Amino acid sequence: MTNGTFTFVKIQHMLLQQTIKNILAQVIQDALRISITENELVIQRTKEEFEGDYTLVLFGLVKKYKLNPEHIGKSIGDASCEKHSNLFKSYNLLKGFLNFSLQDHCLLDFLTATYSNLQFGNAPDNKKLVMVEYSSPNTNKPLHLGHLRNIFLGWSIAALLKERGYNVTKSCVVNDRGIHICKSMIAWQLFANGATPTTVGQKGDHFVGDYYVKFNEAHKKQIEEGITAGLTKEQAEKEAPIMKATQQLLQDWEAGNPDVLELWNRMNQWVYKGFDETYREIGADFDKTYYESKTYLLGKKFVEQGLKDDVFFKKEDGSVWIDLTPEGLDEKLVLRKDGTSVYITQDLGLAEQKFQEYQYEKSIYVIADEQNYHMKVLQLILQKLKKPYANGIYHLSYGMVELPSGRMKSREGTVVDADDLVAEMIAVARAKTEELGKVKDFNPAELNKLYHTLALGALKFYLLRVDSKKKMIFNPQESIDFQGFTGPFIQYTYARIQSILRKEGPAASQPIESKLEKEERELLLSLELFPSILDQAVSEHNPSVVALYIFTIAKLFNSFYTQHSIINATSMASRQLRLRIAALTAIVIQRSMSLLGIEVPNRM
RNA sequence: GGUCCGGUAGCUCAGUUGAAUAGAGCAACUGCCUUCUAAGCAGUAGGUCAUUGGUUUGAAUCCAAUCCGGAUCACCA
């Protein structure tokens with residue numbers, strides 16, 4: 001801090017575990033006269049059944065330096081407690097495990113420094129730009145459960161990145177053109193008699209989705225007729241009149257037929273209005289939206305460049321390919337023989353477009369794992385074209401949400417609709433709240449707000465608590481729980497704390513008890529991990545780390561809460577200590593949940 | 001067939017840079033509300049970590065083989 005200049009000093013809390021590692025590495029060098037870095041040390045939280053807070057696992061040292069564990073354990077333990085008595089209170093040695101107990105004041109210092117810090121966990125701007133693309137719906141049907149997993153994941157990853165200092169741009173690619181939307185258009189022309197979402201009083205995305213279903217019904221019927229008339233199944237699918245009309249519509253669209261464009265635009269607007277409503281309801285937002293209709297031609301110039309650079313090659317029929325067999329993949333088409341571009345080529349163009357607009361360091365694509373191969377190919381092609389942004393592409397691949405009966409199929413009507421599910425969750429939240437009757441003094445607006453908070457808390461937590469890489473099974477018969485490892489459990493813990501803090505908040509001027517109870521210790525040791533948990537979640541691109549963490553915090557607090565009274569603590573100093581612990585727990589819960597996109601209620 | 005992912009308690013999932021007796025939640029069973037919110041807490045029961053072999057002082061975790069499930073390898077998106 002220089003004189004006369006206002007310098008903002010951000011105090012970064014040094015994690016205990018890292019501090020211990022650094023000190024022990026030094027101690028070991030001095031005491032055993034061996035050269036060792038802190039990264040070689042294995043430090044972990046001491047298991048509950050043993051005495052201590054942090055444990056140094058000695059086996060690595062024993063093996064590498066051929067030392068006796070009893071001997072080195074004692075040397076390290078003695079030297080540590082002697083030279084760093086401000087950190088280590090005592091140690092015990094069990095087999096190859098050296099368990100250290102920390103001085104209470106280490107935890108109390110941490111508590112004092114953070115209990116009123118509403119920014120705890122927030123890291124300073126690191127000037128790195130990241131794009132997160134998520135949601136990316138088709139415009140022929142409403143959002144479903146699979147989209148919800150995608151959206152919650154993408155939103156949360158973006159929030160986590162921001163929290164840890166990244167500059168984040170959230171983007172969405174809308175697949176607004178192609179055969180799928182033409183199917184809805186044809187069905188509307190054939191069956192709607194001019195009906196609109198307004199005339200039938202239906203949400204626009206559902207309205208259009210219904211015509212997509214009607215298309216499939218009509219198509220199916222025509223296929224059966226075709227087969228009866230002697231066609232093969234494949235022929236019947238292609239030759240069905242409604243399919244031919246759809247193909248014609250697609251060609252007219254590409255040719256720019258004004259009537260077709262007008263209908264296309266009108267139907268898409270209906271869908272967007274519906275999407276916006278759903279996004280608002282579930283708290284999704286985007287900084288930038290790309291429309292496929294505007295970007296799908298961008299990739300074509302890649303083809304020329306790729307041919308020139310000998311990355312691509314042309315076949316006799318005029319189609320263009322890339323040979324990825326040296327990489328263990330296949331030959332992949334990048335341009336059809338009729339000169340139209342394929343999916344992968346469009347994605348190449350969009351990646352370039354995004355980079356030109358944002359110069360991102362990293363570009364995260366939240367896309368289901370069925371596209372693992374596609375994303376691998378995308379990155380590989382960009383690398384072969386020597387694009388500077390190629391290595392920054394990261395596919396956040398998540399498993400599909402399945403029903404007990406298997407995959408959801410929109411054509412078979414087995415999808416779990418996003419709007420329906422949210423409405424159902426709100427109904428469950430209402431029923432549970434009324435059953436418990438704790439907020440009878442709430443007015444209708446407050447009640448609706450609470451139901452919404454609880455419903456989305458339950459739903460988001462349910463989808464985010466599972467490791468995103470794994471597929472998950474959703475059983476619509478069993479409604480999502482409000483007890484145990486759930487959003488409402490954590491929200492409840494928060495509400496409990498608020499109920500105490502409404503009566504009395506911690507007073508900075510008051511002294512606090514300096515000796516910690518077991519439960520207080522446990523809680524502080526875990527709360528202290530918060531920033532490192534966020535780093536882990538970011539580096540693994542995995543919000544479930546945060547969900548898991550905050551669940552253990554809530555459990556620890558509830559356990560503490562039932563064993564020790566806060567307001568009626570036996571001494572003023574003890575009450576002040578506990579009020580601070582409660583306040584910090586509330587902060588960590590609120591912040592963790594907000595990073596999952598979940599709000600916390602003051603009462604429930 | 002090639003490639004990739006997965007298999008842990010009745011169910012849904014943690015734990016996989018190797019480390020102490022493999023953990024939660026739900027469901028089942030026992031207790032605990034005149035005390036800060038019982039959407040809670042404490043406890044009981046439940047396991048051949050798919051199988052077999054290997055590496056290691058030590059394997060759910062690493063290696064190999066096998067079995068089972070899924071995804072993908074489209075001039076679909």
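Residue numbering restarts at 1 for every chain, and letters A, B, ... go by the order of the sequence lines. What you are looking at is a predicted structure, and each value in this text was computed from that prediction instead of being measured.
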At under 4.0 Å between heavy atoms, what does [X] touch on the DNA or RNA strands: base, sugar-phosphate, or nothing?
X      : answer
A:K337 : base
A:E292 : sugar-phosphate
A:Y492 : base
A:F489 : sugar-phosphate
A:L454 : base
A:T433 : base
A:M604 : base
A:N558 : sugar-phosphate
A:N602 : base
A:S319 : base

Provide, to the nearest angstrom, the distance between the [atom1] atom belonging to [X] and the [atom2] atom belonging to [N].
X      : N     : atom1 : atom2 : answer
A:Q483 : B:G25 : CD    : C1'   : 11 Å
A:N475 : B:C11 : CG    : P     : 13 Å
A:I553 : B:G40 : CD1   : C1'   : 17 Å
A:I567 : B:C36 : CD1   : P     : 10 Å
A:F461 : B:G25 : CZ    : C1'   : 10 Å
A:E237 : B:C76 : CD    : C1'   : 13 Å
A:R149 : B:U12 : CZ    : C1'   : 13 Å
A:D481 : B:C11 : CG    : P     : 17 Å

I'd like the [atom1] distance from [M] over to [N], given in whole Å.
N     : M     : atom1 : answer
B:A77 : B:U72 : P     : 16 Å
B:A24 : B:A64 : P     : 33 Å
B:A50 : B:U35 : P     : 48 Å
B:C26 : B:G40 : P     : 7 Å
B:U52 : B:U61 : P     : 12 Å
B:A42 : B:A59 : C1'   : 34 Å
B:G15 : B:U57 : P     : 28 Å
B:A20 : B:C73 : C1'   : 46 Å

>> One thing to verify: whether A:R177 and A:E254 come together as a salt bridge, which I'm taking to mean a side-chain N less than 4.0 angstrom from a carboxylate O.
In response: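 Yes.
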> Could A:E133 and A:K354 be called an ion pair, given the rule that one side-chain N must be under 4.0 Å from one carboxylate O?
Replying inline: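 Salt bridge: yes.
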>> Once salt bridge (charged side-chain N to carboxylate O under 4.0 Å, His left out) is applied, do any residues pair with A:K21, and if so which ones, sequence neighbours excluded?
In response: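 A:K21 satisfies salt bridge (charged side-chain N to carboxylate O under 4.0 Å, His left out) with no other residue.
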> Partners of A:K63 by salt bridge (charged side-chain N to carboxylate O under 4.0 Å, His left out), sequence neighbours excluded?
Replying inline: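 Salt bridge (charged side-chain N to carboxylate O under 4.0 Å, His left out) check on A:K63 returns nothing, list empty.
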> What would the secondary structure line of RNA chain B be in dot-bracket form, counting Watson-Crick and G-U wobble pairs under 3.5 Å, with [ ] for pairs that cross earlier ones and | for pairs with another strand?
Replying inline: ((((((((.[[[[.)...(...]]]].(((((.......))))).....[[[[[..)....]]]]])))))))....
Which pairs would a plain distance check flag for residues 468-475 of chain A, meaning a side-chain donor or acceptor within less than 3.5 Å of a matching protein atom at least two apart in sequence or in another chain?
| unit_1 | atom_1 | unit_2 | atom_2 | d |
| --- | --- | --- | --- | --- |
| A:N475 | OD1 | A:Q477 | N | 2.9 |
| A:N475 | ND2 | A:E478 | OE2 | 3.3 |

>> side-chain contact (heavy atoms from CB on, under 4.5 Å) for A:N99 and A:L56? Distances and angles first, verdict last.
In response: CA-CA 6 Å; A:N99 304 320; A:L56 173 67; over 6 Å; no
>> Here's a test of your reading of the structure: between A:I179 and A:R502, which maps to the more 5' nucleotide of RNA chain B?
In response: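 That would be A:R502.
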> Between A:Y561 and A:V342, who's closer to the 5' end of RNA chain B by nearest nucleotide?
Replying inline: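 It is A:Y561 whose nearest nucleotide is closer to the 5' end.
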>> Would B:C4 be called syn or anti here, given the cut-off of 90° from 0?
In response: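 With its glycosidic angle more than 90° from zero, B:C4 counts as anti.
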Indicate whether the side chain of [X] and that of [Y] have a donor and an acceptor atom separated by less than 3.5 Å.
X      : Y      : value
A:Y365 : A:Q379 : no
A:S184 : A:N140 : no
A:Q563 : A:S559 : yes
A:S319 : A:D317 : yes
A:T139 : A:N268 : yes
A:Y398 : A:D369 : no

> side-chain contact (heavy atoms from CB on, under 4.5 Å) with A:N138: which of A:V271, A:N175, A:V174, A:D176?
Replying inline: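 Exactly one option meets the side-chain contact (heavy atoms from CB on, under 4.5 Å) with A:N138, and it is A:N175.
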>> By the definition side-chain contact (heavy atoms from CB on, under 4.5 Å), identify the one residue from A:R521, A:R578, A:K555, A:E522 that meets it with A:F560.
In response: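 Exactly one option meets the side-chain contact (heavy atoms from CB on, under 4.5 Å) with A:F560, and it is A:R578.
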>> Is the phosphate of B:C75 approached by A:T340 (side-chain N or O, under 4.0 Å from OP1 or OP2)?
In response: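 Looking at the OP1 and OP2 atoms of B:C75, neither is under 4.0 Å from any side-chain N or O of A:T340.
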> Using a cut-off of less than 4.0 Å, is there contact between a side-chain N or O of A:R336 and OP1 or OP2 of B:C76?
Replying inline: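 For B:C76, OP1 or OP2 has a side-chain N or O of A:R336 closer than 4.0 Å.
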I'd like a list of close polar pairs between nucleotides 70-73 of chain B and the protein, N/O only, cut-off under 3.5 Å.
| unit_1 | atom_1 | unit_2 | atom_2 | d |
| --- | --- | --- | --- | --- |
| B:C73 | O2' | A:D330 | OD1 | 2.6 |
| B:C73 | O2' | A:D330 | OD2 | 3.2 |

> Could you run down nucleotides 14-22 of chain B 5' to 3' and tag each one B, S or - for protein heavy-atom contact under 4.0 Å?
Replying inline: S-B--BBS-
> Under the 3.5 angstrom rule, does the side chain of A:T232 hit a backbone N or O of A:Q235 as a donor-acceptor pair?
Replying inline: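 Confirmed, A:T232 side chain pairs with A:Q235 backbone.
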> Among B:C75, B:A77, B:U12, which is the nearest nucleotide to the side chain of A:D317?
Replying inline: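 Of all the options, the side chain of A:D317 is nearest to B:C75.
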